[in-house]
Protein chains: 2
Amino acid sequence: MADDVVSTERSRGGMSEQRRRRVRLEISREAARLFWAQGVDGTSGDQIAEAVGLSTRTIWRHFRSKESCAEPIVAQSVEWELATLRSWPLHRSLEEHFATEAKRLVSEISPSEQADAGLGVKMIRLAETEPALRTAWLMACDQVEHELAAVIATRLGLKPDDLQIRLHAAAAAAALRVINEYVGAGLLDGTDPRKLGDESFAFIADAVRTATGGAVGDPVQVDEAPAAPDEGAADRQE
Amino acid sequence: MADDVVSTERSRGGMSEQRRRRVRLEISREAARLFWAQGVDGTSGDQIAEAVGLSTRTIWRHFRSKESCAEPIVAQSVEWELATLRSWPLHRSLEEHFATEAKRLVSEISPSEQADAGLGVKMIRLAETEPALRTAWLMACDQVEHELAAVIATRLGLKPDDLQIRLHAAAAAAALRVINEYVGAGLLDGTDPRKLGDESFAFIADAVRTATGGAVGDPVQVDEAPAAPDEGAADRQE
DNA sequence: CAATATCTGTCACTTAGTGACACTGTCACT
DNA sequence: AGTGACAGTGTCACTAAGTGACAGATATTG
């Protein structure tokens, strides 16, 4: 997940997708910095353009609106949760999986990703008072909710659009949102990061377990094909 | 809750509050109608102004943005849930309370309120595809979440900003949101209203109960002062 | 190098939203 | 009745967000 990988993933024309994401992220970084420093209303599209070294017109080609400039940074700040959820094997408990994934993450994270994460936390904080940004944050949470619906559906052996699944996913995602906001606020208010991160996995898992009435969080029995006792389903990459 | 009450509730100057809410609701009605008929992007501020018979400038005096014109109608569509939650006595179960309140509501609702409710459902539906409107809907859900936090806090004897309470409130509010979306979509797709409303109270209550790990939904023992066995705390009016 | 397709800048333009000021009706006090 | 204060609205000029259209730059392929 380092940010200097360059794939030869383009078949024709421009380096679409790969490059586009980079540009969007670059813009998002500057926008987030300015939003945090001056507020959203106090920041103009021209300022963002100047900060990132592009013309204003190009900004609007990459983002539909000023506030949406914050989306990539916010989305990236929940990306690791998303990835972790996606790679959650049936036979493990949520706290186990979170703990090992977090350990793996700490060793792999790059300085620039760390800076991005900081900006993301700031945007989430800002979203509490700036309605314009709240949309970006809630969109990211929506993303989590959908991913969660898929994960829960496979765990319980039901369809993702089943009403019961949607209820569980919504409740669990809401719990995760509250925890994210709580942890983020704590970090910004100067709480020691280690104090927050240390034993929180059990807390997170319990929150999810509670929100889903105990249906989600524990290992799941695999009845049909007990012939795959290793890692398992980490095959998708957004 | 009839819409023709006129109170002498102003001490000086204009009839602030009372009148302002009426005007905002009027604007919201027309805006919602236009949004539904032509889409949000296809509706201009000038059109809204003309439809409601005011100048465009006055529209912007009542609403910060075009999309926020939908807020009052959306908010009103969850207002009864809010009121029901507020008046939920400690000693009753959620399904009991919802059932009796719903019965009371059916007899008191006015035709224009029914029309407003229809518009509200349409806006919620529209919010699924129009990001601009999603904000309004999520704001209303936020409102529910806060109210719920207060209600749950008193039920469990804790502070509303307690993390556990916030988790419960968020999860329960998310469940209510999903149910609202589900029921709304059903209504618009032509499902018989009675089929949906008939036995849904137990379902709603169970959803809340599940989302809060069973902590919210059942009657609560009143230890301290058992000297008030009647309705109770329905004193606030927004 | 030529051909082609994508990306970007510039400029004119529409639309959302604000500021400033004038006008009108209502209330309060005389 | 007269007058002043004030809230609500309309009008007009203005800023800022966002789009369309076209031209120039850049990169990829043959």
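Side chains are part of it too, since the values below use all heavy atoms of this structure and drop only hydrogens, waters and symmetry mates. Numbers restart at 1 for each chain; the letters A, B, ... are given by sequence-line order, proteins then strands. Since this is a predicted model, take the numbers as computed values, not measurements.
Note: B:His97 and B:Trp88 have parallel aromatic rings, judged against thresholds of 30 and 60 degrees for the angle between ring planes.
Rounded to an integer number of Å, the gap from A:Lys66 NZ to D:dT19 P is 14 Å. Here the P atom of nucleotide D:dT9 and the CD1 atom of B:Ile27 are 8 Å apart, to the nearest Å. As a whole-Å value, the separation of B:Gln47 CD from C:dG17 C1' is 17 Å. Atom CD in B:Glu26 sits roughly 16 Å away from atom C1' in D:dG8 (whole-Å rounding). Atom CZ of B:Phe63 and atom C1' of D:dG8 are 15 Å apart (whole Å). Atom CZ of B:Arg64 and atom P of C:dG17 are 10 Å apart (whole Å). Distance B:Trp60 CH2 to D:dA17 C1': 13 Å, rounded to the nearest Å.
You'll find that the side chain of B:Leu54 is closest to D:dG10, out of D:dG18, D:dG10, C:dG17. Of the listed nucleotides (D:dT11, C:dG17, D:dT19), D:dT11 has the atom at the smallest distance from the side chain of B:Ser55. Among the nucleotides C:dA16, D:dT11, C:dT8, the one closest to the side chain of A:Val23 is C:dT8. You'll find that the side chain of A:Arg57 is closest to D:dA21, out of C:dG19, D:dA21, D:dG18.
For C:dG9, the base has a donor-acceptor partner in the side chain of A:Arg61 [N/O atoms by modelled type, under 3.5 angstrom].
Between A:Arg125 and A:Asp189 there is a salt bridge, since a side-chain N of the basic residue sits under 4.0 Å from a carboxylate O of the acidic one. No salt bridge links B:Glu130 with B:Arg134; every basic N to acidic carboxylate O contact stays at or beyond 4.0 Å.
Residue B:Thr58 places at least one side-chain N or O closer than 4.0 Å to OP1 or OP2 of D:dG10. OP1 or OP2 of C:dT8 sits under 4.0 Å from a side-chain N or O of A:His62. OP1 and OP2 of C:dT8 both lie 4.0 Å or more from every side-chain N or O belonging to A:Arg20.
With a 3.5 Å ceiling on both atom-pair distances, the Watson-Crick or G-U wobble partner of C:dT30 is D:dA1.
Around NE2 of A:His146, the count of heavy atoms belonging to other residues, nucleotides or ligands within 6.0 Å does not exceed 12. With a 6.0 Å radius and a threshold of 12 heavy atoms from other residues, nucleotides or ligands, B:Glu50 has its CD atom at or below the threshold.
No engagement by A:Thr56 is indicated, since no non-hydrogen atom pair under 4.0 Å with the nucleic acid exists.
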